[in-house]
Amino acid sequence: MKLFSCPNCNARLYFENAQCLNCGKLVIFDPDASTFVLSDAGHPACANATECACNWTAEPNGRFCHACALNKTIPDLNVDGNRDRWIRVEAAKRRAVYSLLSFGLPVGPKAEPDDEIGLAFDFLADPIDGNEPSGKHVLTGHDSGLITLNVAEADSARREELRTEMGENYRTLLGHFRHELGHYYWDRLVRDDASWLQRFRDIFGDETISYEDALKRHYQNGAPPDWETRHISAYAASHPWEDWAETFAHYLHITDTLEMVRALNIPLDQLNTVGLPAGQAPQPGNEPRPGPDAQFDRMLARWLVLSEASNSLNRCMGLPDLYPFVISPVTAQKLSFTHDLLGGQAATR
């Protein structure tokens with residue numbers, strides 16, 4: 001994520017802005033140009049501007065923006081609280097789509113319902129019977145390009161409750177989007193490419209093992225005791241597909257945050273940190289590997305310095321670590337695979 005400037009007065013704008021607080025001009029974000037434009041300068045706003053506070057320009061010859069055009073189902077707005085939930089969901093989705101577009105990934109709607117190439121979103125709520133949920137729980141997940149999200153995740157208290165129940169270190173709307181998008185892009189970029197598929201299996205394991213059985217074992221027995229030596233999260237240890245989706249999500253977390261660090265001109269090389277914790281790789285002082293590997297090594301070294309500093313600052317405020325994860329040498333290799341797959345573009349962000 002970057003910082004932006006008002007096209008009228010050059011004052012600072014943030015990604016969620018719809019109005020410049022300096023000059024008062026209404027602005028909208030143009031995802032194609034990755035910049036803000038004046039809303040009264042011939043740039044039509046998304047039709048959802050007044051529905052869910054969307055601040056993106058509409059697609060050419062379309063009513064909706066690039067992100068909103070992906071929606072298949074939105075929450076029932078007659079249900080109390082659902083509009084506010086939808087606003088928060090869409091804000092997170094726009095950040096997710098921003099990253100995808102930055103990497104030049106294909107982001108297009110489904111041409112028809114059973115189209116597996118296009119992308120679509122269902123934002124659903126648990127059915128209500130009287131004043132209580134009916135028992136039919138909406139599961140967040142991905143299926144053939146359709147990503148379903150339970151809008152209850154937009155309620156911070158409920159999301160924290162679920163995070164505690166699941167024993168997770170981290171649970172956010174943006175994290176959900178990036179994880180499920182990881183499943184989608186595995187189908188698009190890895191599944192049907194023999195070369196990438198073999199590289200994937202060499203690093204993540206054989207994804208043909210029963211997914212259903214693997215998840216059943218995970219929920220019954222939990223992750224193995226040494227999961228942190230090989231996976232970014234306990235859930236990633238359940239199956240190679242989940243390992244990939246978690247790794248993909250973390251790669252987007254890392255690159256998006258480092259882009260903001262660059263925009264803020266934070267001198268990471270001047271921070272007084274101890275460097276990488278013992279056992280993590282690659283070490284910043286090591287001779288960099290040649291070519292694209294060196295780009296990834298530099299990126300990871302910067303991230304580990306930043307995460308240590310931000311975690312330390314959060315502790316000073318009595319807050320949980322901003323990034324409560326360990327990047328082991330094996331996990332670093334998986335992140336490097338993701339870096340290669342996406343073209344190593346993060347090095348220039």
Side-chain angles (χ1 to χ4, degrees), residues 1 14-18 48 50-55 67-68 71-99 121-142 147-183 215 218-219 222-223 232-236 238 242 245-246 249-250 252-253 256-257 260 307 310-311 313-325:
M1 184 55 62
Y14 297 95
F15 189 64
E16 289 78 16
N17 284 149
N48 277 339
T50 57
E51 296 293 329
C52 64
C54 180
N55 67 333
C68 289
N71 290 349
K72 176 174 174 281
T73 308
I74 65 170
D76 182 353
L77 301 182
N78 292 315
V79 174
D80 187 43
N82 267 1
R83 186 178 296 276
D84 287 340
R85 296 183 185 100
W86 185 35
I87 289 172
R88 291 192 286 273
V89 165
E90 290 292 347
K93 188 184 76 177
R94 286 193 294 275
R95 279 190 170 257
V97 172
Y98 167 88
S99 293
F121 292 92
D122 273 349
F123 300 137
L124 306 175
D126 293 335
I128 301 296
D129 182 11
N131 294 320
E132 299 294 334
S134 67
K136 297 179 180 179
H137 183 59
V138 173
L139 296 177
T140 294
H142 166 264
I147 292 175
T148 300
L149 180 77
N150 189 327
V151 295
E153 294 283 352
D155 293 330
S156 298
R158 177 55 180 157
R159 192 171 61 251
E160 177 61 16
E161 181 183 0
L162 290 170
R163 186 195 68 78
T164 303
E165 288 178 4
M166 302 293 287
E168 299 171 337
N169 291 335
Y170 165 94
R171 191 180 185 96
T172 68
L173 284 171
L174 184 55
H176 279 312
F177 278 119
R178 287 174 170 167
H179 176 98
E180 301 306 336
L181 285 164
H183 287 301
L215 288 190
H218 175 77
Y219 287 120
I232 194 65
S233 69
Y235 187 54
S238 63
E242 297 302 340
E246 287 285 88
H250 277 257
L252 294 188
H253 293 336
D256 194 42
T257 307
M260 179 56 75
S307 60
S310 58
N311 288 347
L313 291 172
N314 270 26
R315 293 169 196 169
C316 291
M317 295 292 293
L319 297 171
D321 285 356
L322 180 69
Y323 191 74
F325 301 95

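Worth knowing before you read on, the calculation uses all heavy atoms, side chains too, and leaves out hydrogens, waters and symmetry mates. This structure is a prediction, so every number in the text was calculated from the model and none was measured.
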- Query: Closest heavy-atom contact between Ala234 and His218?
  - Reply: O-CE1, 3.4 Å

- Item | Asn311 (side chain) donor-acceptor with Leu322 (main chain) under 3.5 angstrom | yes

- Query: CG/Leu313 to CG/Leu319 distance, rounded to the nearest 0.5 angstrom?
  - Reply: 10.5 Å

- Task: Scan side-chain atoms only and decide if His183 and Glu242 contain a donor-acceptor pair under the 3.5 Å cut-off.
- Result: yes

- Pair Tyr235-Glu168, side-chain contact (heavy atoms from CB on, under 4.5 Å): steps then yes or no: CA-CA 8 Å; Tyr235 187 54; Glu168 299 171 337; 5.9 Å; no

- Heavy-atom closest contact (Ala67 atom, Lys93 atom, distance): O-NZ, 2.8 Å

- Message: Applying side-chain contact (heavy atoms from CB on, under 4.5 Å) to Tyr219 and Met166, what does each step give before you reach the verdict?
- Response: CA-CA 9 Å; Tyr219 287 120; Met166 302 293 287; 3.9 Å; yes

- Message: Minimum heavy-atom separation for Pro320 and Asn314, please, with both atom names.
- Response: O-ND2, 2.8 Å

- Task: Go through the steps for Leu77 and Trp86 under the test side-chain contact (heavy atoms from CB on, under 4.5 Å), then give the verdict.
- Result: CA-CA 9 Å; Leu77 301 182; Trp86 185 35; 3.9 Å; yes

- Looking at Thr148, Asn71, Leu149, which hits side-chain contact (heavy atoms from CB on, under 4.5 Å) with Asp122? Thr148

- Glu246 to Ser233 - nearest heavy-atom pair and separation: OE2-OG, 2.6 Å

- Query: So, for Asn169 and Pro324, which heavy atoms are closest and what is the spacing to 0.1 Å?
  - Reply: ND2-O, 3.2 Å

- Task: Walk me through it: do Glu16 and Arg95 pass the test salt bridge (charged side-chain N to carboxylate O under 4.0 Å, His left out)?
- Result: CA-CA 9 Å; Glu16 289 78 16; Arg95 279 190 170 257; 2.8 Å; yes

- Task: Specify whether His250 and Tyr170 have parallel, tilted or perpendicular ring planes, treating 30° as the upper limit for parallel and 60° as the lower limit for perpendicular.
- Result: tilted

- For Asp126 and Asn150, does a side-chain donor sit closer than 3.5 Å to a side-chain acceptor? yes

- Rounded to the nearest 0.5 Å, what's the gap from NE2 on His142 to CG on Leu181? Could you check? 8.5 Å

- Decide, yes or no, whether a salt bridge links Asp256 with Arg178 under the criterion of side-chain N to carboxylate O below 4.0 Å. yes

- Heavy atoms of Cys54 and Cys68 approach each other most closely as SG-SG, 3.9 Å

- Measuring from Ser156:OG to Arg163:CZ, what's the distance to the nearest 0.5 Å? 12.0 Å

- About how many Å separate NE2 of His179 and OG1 of Thr172, when rounded to the nearest 0.5 Å? 12.0 Å

- Query: Are Leu162 and Arg158 close enough, and set up right, to give a side-chain contact (heavy atoms from CB on, under 4.5 Å), and what steps lead you there?
  - Reply: CA-CA 6 Å; Leu162 290 170; Arg158 177 55 180 157; 3.4 Å; yes

- Task: Supply the atom-to-atom distance Leu173 CG to Glu90 CD, rounded to the nearest 0.5 angstrom.
- Result: 11.0 Å

- So how far is it from Lys72 NZ to Phe121 CZ, rounded to the nearest 0.5 Å? 13.0 Å

- Query: With the threshold set at 4.0 Å, does a side-chain nitrogen-carboxylate oxygen contact exist between Arg171 and Glu153?
  - Reply: yes

- Just by modelled atom types, is the Asn17 backbone N or O under 3.5 Å from a matching donor or acceptor in the Asn55 side chain? yes

